[in-house]
Amino acid sequence: MSTENTAPAAPSNFIKAIIEDDLKTDKWGGRVHTRFPPEPNGYLHIGHAKSICLNFGVARDYGGKCNLRFDDTNPLKEDVEYVDSIQEDVRWLGFDWDGRCFYASDYFERIFECAVALIRKGLAYVDSLSAEDIRAYRGTLKEPGRNSPYRDRSIEENLDLFMRMRAGEFPDGAHVLRAKIDMKSPNVVMRDPTLYRIRHAAHHRTGDAWRIYPMYDFTHCLSDSFEGITHSICTLEFENNRELYDWVLDALGMYHPRQYEFARLNMTGVVLSKRKLIKLVEEGVVDGWDDPRMPTICGFRRKGFTPESIRDFCERIGVARSNNLVDYALLEHCLREDLNARAPRVMGVLKPLKLTIVNYPEDQTEEFEFPFHPENEAMGSRKLPFCRDLYIERTDFLENAPKKWFRLAPGMEVRLRYAYYVRCVEVVKDASGEVVEVRCEYDPATKGGWSNDGRKVKGTLHWLSARHAVPAEFRLFEHLFLTGGAAANVDDPEAAAASLNPNSLETLRGFVEPGLADAEPGWRCQFERTGYFVADTKLTRPGAPVFNRTTGLRDSFAKELQKG
RNA sequence: AGGGGAGUCGCCAAGUUGGCAAGGCAACGGGUUUUGGUCCCGUCAUUCGAGGGUUCGAAUCCUUCCUCCCCUGCCA
């Protein structure tokens with residue numbers, strides 16, 4: 001399935017331990033069958049990727065299956081747009097449900113029958129309390145609840161009412177179907193949980209066929225059971241719901257998968273709450289779900305991340321039961337490791353500064369060979385034009401250089417990558433004192449960017465011929481929030497505004513080498529010395545490329561400077 | 001007057017029956033380098049939330065305590 005030559009030994013985790021143990025004891029007849037069960041009410045984010053990699057990953061590793069199942073029981077929040085995006089993202093991540101894409105809504109009739117069976121067993125009843133009363137009767141975390149006055153309706157009456165609920169005879173909220181369990185249970189989930197509610201709403205798949213919709217707790221265990229799931233893996237917040245999961249299946253005497261919970265992913269610098277992400281989209285704080293600043297799968301995709309790097313990340317963070325906060329730097333590390341090996345090296349100048357070679361013939365042009373990957377000859381090379389008028393990076397020149405500076409400065413000599421050594425002989429400034437051009441002399445004996453005379457030239461600069469470079473736009477991204485991660489407050493408008501990073505998107509107008517004029521949308525590369533980039537899939541046009549910075553290169557010099 | 005979980009390096013995280021505390025990220029040193037990138041080498045937990053106990057021996061067993069997370073939707 002994947003290459004294992006570079007991958008470190010996969011860390012074991014408790015889910016795998018359970019599966020291996022089950023395989024050993026033949027608990028499920030040798031089967032491993034998981035499922036990834038998103039609700040189609042938003043786009044998938046990096047936290048979902050952890051769950052996807054876990055569920056599809058163990059199925060793959062142990063010769064089992066993993067279903068994609070949409071948990072679509074709440075027509076008010078769900079939409080086909082989300083269904084489509086979820087399928088696209090799971091596929092992009094590299095997983096295949098092998099035709100087993102299911103919907104909880106496909107089971108509505110069977111689920112309804114289960115509810116009827118529960119009523120017949122005297123284990124469910126129609127409650128006619130208002131929502132507020134139900135809440136009041138439920139008690140508190142420390143105090144037991146009380147029985148609803150409708151709890152002892154006869155089976156016949158319950159059946160009649162439930163059928164009429166289905167028939168649409170009652171308005172929303174008039175009745176609910178509840179499991180008859182224990183209003184004094186220390187586990188609040190078990191205090192006669194709601195199984196069905198009335199919702200006169202069109203469902204994105206079943207249309208107007210239903211006026212009642214089953215709740216998550218009732219739907220999920222039954223769906224798992226219908227599909228023959230063996231290991232039902234979910235996140236920690238469903239731990240309390242496991243008791244109900246088991247109760248429903250036992251009450252009905254049905255095939256009974258086991259639920260296991262793991263800790264969801266938290267990461268520095270990003271918000272991973274669906275509710276908050278929706279808000280960012282709806283309020284126009286970002287461009288949409290696939291804004292490169294979003295921690296969504298499609299956001300990372302548009303930013304230039306590879307599915308391989310995300311899978312590697314999910315492998316490395318491990319799966320455990322303790323709350324965690326993973327450093328964003330780990331994701332970046334996985335990305336760089338992948339891109340370093342695959343991304344062709346090309347030239348781009350983000351913040352151009354004119355460099356004129358005063359002793360180079362005015363009308364002369366020559367070409368130099370540039371390999372696409374210095375460490376991988378197989379990736380080939382191309383020639384780039386050189387002339388008297390060049391662009392270099394503005395940040396590569398400093399009039400008053402600090403101690404360890406080995407880029408360009410007055411009197412200093414640097415190497416222009418694969419071309420010549422040049423020495424700065426003059427600085428041209430505009431009226432405001434800003435440097436607008438540096439003038440240099442080149443050494444013809446250093447053609448190709450090398451000299452055998454033992455001269456030590458520590459700095460190597462990337463450059464572009466000003467006469468041949470093509471204009472390009474570069475988009476640099478930073479975290480959306482200053483305060484970082486889970487702490488970001490999206491609900492309080494003032495706090496949200498204060499925590500928003502005003503520089504999360506910076507657009508630069510620079511130049512790229514001629515061959516990149518018609519860069520294919522989605523094409524990834526490394527602009528030497530600056531970072532990994534991808535041609536934006538929405539904004540790039542033939543002759544007018546737009547590049548998103550996927551991530552910068554590691555920069556030990558920046559650290560050096562900070563230290564002073 | 002609750003119930004369910006979790007505490008191992010700055011961040012993740014292994015540690016199956018007690019027997020020398022894996023690995024990754026980050027950080028920090030050094031080497032190589034026509035990318036201040038990559039790569040290579042090295043450093044980085046006498047201690048596992050705290051105390052007590054059992055034991056020749058405890059992150060692992062017992063015990064008391066502390067901290068954090070989840071649960072009172074007709075959301076999932």
Side-chain angles (χ1 to χ4, degrees), chain A residues 8-9 11-13 17 20-21 37-39 41 71-74 76-77 127 129-131 134-136 138-145 172-178 184-191 194-199 212-213 215-217 219-220 234-243 261 263 265 268 274-275 315-334 336-337 340-341 345 373-375 404-407 415-419 421 448-450 457-462 526-531 552-561:
Chain A
S12 66
N13 62 248
E20 282 175 23
D21 194 57
E39 180 188 13
N41 68 342
D71 224 329
D72 55 351
T73 60
N74 187 352
L76 265 28
K77 293 186 176 176
D127 196 355
L129 245 26
S130 67
I134 286 181
R135 193 180 317 125
R138 187 154 32 226
T140 69
L141 292 180
K142 297 184 177 181
E143 291 161 4
D172 287 8
H175 309 282
V176 292
L177 183 73
R178 292 229 259 170
K184 292 187 289 298
S185 172
N187 181 359
V188 182
V189 171
M190 298 298 279
R191 317 241 262 231
T194 301
L195 266 23
Y196 266 92
R197 76 285 216 187
I198 299 170
R199 277 238 207 298
I212 55 174
Y213 293 92
M215 302 286 289
Y216 163 83
D217 284 308
T219 307
H220 203 86
C234 62
T235 46
L236 246 29
E237 64 269 28
F238 291 100
E239 245 173 319
N240 295 317
N241 300 58
R242 189 177 61 230
E243 192 178 355
E261 311 87 15
L265 169 69
T268 60
K274 247 194 209 177
R275 214 195 77 250
E315 200 64 47
R316 293 201 201 201
I317 56 178
V319 178
R321 291 175 61 85
S322 57
N323 293 324
N324 58 74
L325 182 63
V326 176
D327 195 335
Y328 188 88
L330 178 58
L331 215 207
E332 283 190 309
H333 169 81
C334 295
R336 290 194 185 107
E337 190 174 271
N340 175 54
R345 272 56 171 172
H373 194 128
E375 277 98 43
K404 287 180 185 170
W405 180 262
F406 41 88
R407 268 110 103 147
R415 168 170 38 236
L416 293 181
R417 187 121 159 117
Y418 302 125
Y421 289 2
W450 184 248
V457 175
K458 294 190 83 177
T460 298
L461 270 45
H462 59 283
Q526 180 199 99
F527 284 121
E528 286 208 33
R529 304 210 308 132
T530 79
L553 258 24
R554 283 187 60 202
D555 190 353
S556 57
F557 178 64
K559 287 179 193 167
E560 196 69 41
L561 276 184

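Proteins come first, then strands; the chains are lettered A, B, ... in the order of their sequence lines, and each starts at number 1.
Look at the P atom in both B:U72 and B:C11: the space between them is 29 Å, to the nearest Å. For the C1' atoms, the distance from B:C25 to B:A13 is 11 Å, rounded to whole Å. Rounded to a whole angstrom, the distance from the C1' atom of B:U55 to that of B:A14 is 26 Å. Remark: the separation of the P atoms in B:G7 and B:U17 is 16 Å, to the nearest Å. Separating the P atom of B:U43 from that of B:G23 is a span of 11 Å, rounded to the nearest Å. Nucleotides B:G5 and B:G18 place their P atoms 23 Å apart, quoted to the nearest Å. A gap of 12 Å separates the C1' atoms of B:A21 and B:U60, to the nearest Å. Taking the C1' atoms as reference points, B:G15 lies 24 Å from B:G53, given to the whole Å.
Looking at A:Glu243, its side chain has no donor and acceptor atom pair within 3.5 Å of the base of B:G3.
Pairing for B:G42 goes to B:C28, judged as Watson-Crick or G-U wobble with the two contacts each under 3.5 Å. Nucleotide B:U55 forms no Watson-Crick or G-U wobble pair with any nucleotide shown, as no partner meets the under 3.5 Å limit on both distances. As the counterpart of B:G7, B:C66 is assigned, both hydrogen-bonding distances of the Watson-Crick or G-U wobble pattern falling under 3.5 Å. When both pairing distances are held under 3.5 Å, B:A14 makes no Watson-Crick or G-U pair with any nucleotide shown. Across the strands present, B:U72 finds no partner; the criterion is a Watson-Crick or G-U wobble pair with both atom distances under 3.5 angstrom.
Taking atom CD of residue A:Glu315 and atom P of nucleotide B:C25, one finds them 15 Å apart after rounding to whole Å. B:G36 atom C1' lies 7 Å from atom CZ of A:Phe557, rounded to whole Å. For the pair A:Glu337 CD and B:G37 P, the computed distance is 16 Å after rounding to whole Å.
A:Arg407 meets the salt bridge (Lys or Arg N to Asp or Glu O under 4.0 Å) test with A:Asp396; sequence neighbours excluded. Residues passing the side-chain contact (heavy atoms from CB on, under 4.5 Å) test with A:Leu553 are A:Gln526, A:Tyr532, sequence neighbours excluded. Considering only residues two or more places apart in sequence or on other chains, A:Ser322 meets the side-chain hydrogen bond (donor to acceptor under 3.5 Å, both in side chains) condition with none of them. With sequence neighbours excluded, the residues satisfying ring pair (Phe, Tyr, Trp, His ring centres under 6.0 Å) with A:Phe238 are A:Tyr216. Under the rule for a salt bridge (Lys or Arg N to Asp or Glu O under 4.0 Å), A:Arg197 has no partner lying at least two apart in sequence or in another chain. Remark: A:Asn323 pairs with no residue by the side-chain hydrogen bond (donor to acceptor under 3.5 Å, both in side chains) rule, at least two apart or across chains. Residues passing the ring pair (Phe, Tyr, Trp, His ring centres under 6.0 Å) test with A:His462, sequence neighbours excluded: none. Partners of A:Glu243 according to the salt bridge (Lys or Arg N to Asp or Glu O under 4.0 Å) rule, which considers only residues two or more places apart in sequence or in another chain, do not exist here. For A:Thr140, the side-chain contact (heavy atoms from CB on, under 4.5 Å) partners are A:Lys142, A:Glu143, not counting sequence neighbours.
A:Arg336 has no side-chain polar atom (N or O) that falls below the 4.0 Å cut-off from OP1 or OP2 of B:U38. Distances shorter than 4.0 Å separate none of the side-chain N or O atoms of A:His462 from OP1 or OP2 on B:U35. The shortest distance between the side-chain N/O atoms of A:Arg554 and the OP1/OP2 oxygens of B:U38 is below 4.0 Å.
Taking syn as a glycosidic angle within 90° of 0, B:G18 does not qualify and is anti.
Put simply, the side chain of A:Arg138 reaches to within 4.5 Å of the side chain of A:Val188, judged on heavy atoms. With a 4.5 Å cut-off on side-chain heavy atoms, A:Asp127 and A:His175 do not count as touching. In this structure the side chain of A:Glu39 never reaches within 4.5 angstrom of the side chain of A:Thr73, judged on heavy atoms.
At a threshold of 4.0 angstrom between heavy atoms, the contacts of A:Arg417 include nucleobase atoms, whether or not backbone atoms are also involved. Contacts of A:Val319 with the nucleic acid, taken as non-hydrogen atoms under 4.0 Å apart, involve only primed sugar atoms and P, OP1 or OP2. Among the heavy atoms of the strands lying under 4.0 Å from A:Glu239 are primed sugar atoms or P, OP1, OP2 only; no base atom is included. Within the 4.0 angstrom heavy-atom criterion, base atoms lie near A:Gln526. Looking at heavy-atom distances under 4.0 Å, A:Lys404 makes contact with a base.
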Collect all protein-nucleotide pairs involving nucleotides 73-76 of chain B in which both atoms are nitrogen or oxygen and the distance is under 3.5 Å.
| from | atom 1 | to | atom 2 | distance (Å) |
| --- | --- | --- | --- | --- |
| B:G73 | OP2 | A:Arg138 | NH2 | 2.8 |
| B:C74 | OP1 | A:Arg138 | NH2 | 3.3 |
| B:C74 | OP2 | A:Arg138 | NH1 | 3.3 |
| B:C74 | N4 | A:Leu129 | O | 3.1 |
| B:C74 | N4 | A:Ala131 | N | 3.2 |
| B:C74 | N4 | A:Gly173 | O | 3.1 |
| B:C75 | OP1 | A:Arg199 | NH2 | 3.1 |
| B:C75 | OP2 | A:Arg197 | NE | 3.0 |
| B:C75 | OP2 | A:Arg197 | NH2 | 2.9 |
| B:C75 | OP2 | A:Arg199 | NH2 | 2.2 |
| B:C75 | O3' | A:Arg197 | NH2 | 3.1 |
| B:C75 | O2' | A:Asn74 | ND2 | 3.0 |
| B:A76 | OP1 | A:Thr73 | OG1 | 2.5 |
| B:A76 | OP1 | A:Arg197 | NH1 | 3.4 |
| B:A76 | OP1 | A:Arg197 | NH2 | 2.9 |
| B:A76 | OP2 | A:Tyr216 | N | 3.0 |

Might you list the N or O atoms of the protein lying below 3.5 Å from N or O atoms in nucleotides 10-12 of chain B, with each pair's distance?
| from | atom 1 | to | atom 2 | distance (Å) |
| --- | --- | --- | --- | --- |
| B:C11 | O3' | A:Leu325 | O | 3.1 |
| B:C11 | O2' | A:Leu325 | O | 2.6 |
| B:C12 | OP1 | A:Leu325 | N | 2.9 |
| B:C12 | O5' | A:Leu325 | O | 3.4 |
| B:C12 | O2' | A:Ile317 | O | 2.8 |

Do any N or O atoms of the protein come closer than 3.5 Å to N or O atoms of nucleotides 17-19 of chain B, and which pairs are they?
none

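Between A:Lys458 and A:Val188, the one whose closest nucleotide on RNA chain B sits nearer the 5' end is A:Lys458. Between A:Pro374 and A:Thr140, it is A:Pro374 whose nearest contact on RNA chain B lies nearer the 5' terminus.
Remark: side-chain polar atoms of A:Arg529 are not paired, donor with acceptor, to backbone N or O of A:Leu461 under 3.5 angstrom.
Of the candidate nucleotides B:C70, B:U72, B:G37, B:C70 has the atom nearest to the side chain of A:Asn240. Between B:G2, B:G36, B:U35, one nucleotide has an atom nearer to the side chain of A:Lys142 than all others, and that is B:G2. Here the nucleotide nearest the side chain of A:Ser12, chosen from B:G15, B:A6, B:G2, is B:G15.
When only modelled atom types and interatomic distance are considered, A:Ser185 and A:Arg191 share no side-chain donor-acceptor pair under 3.5 Å.
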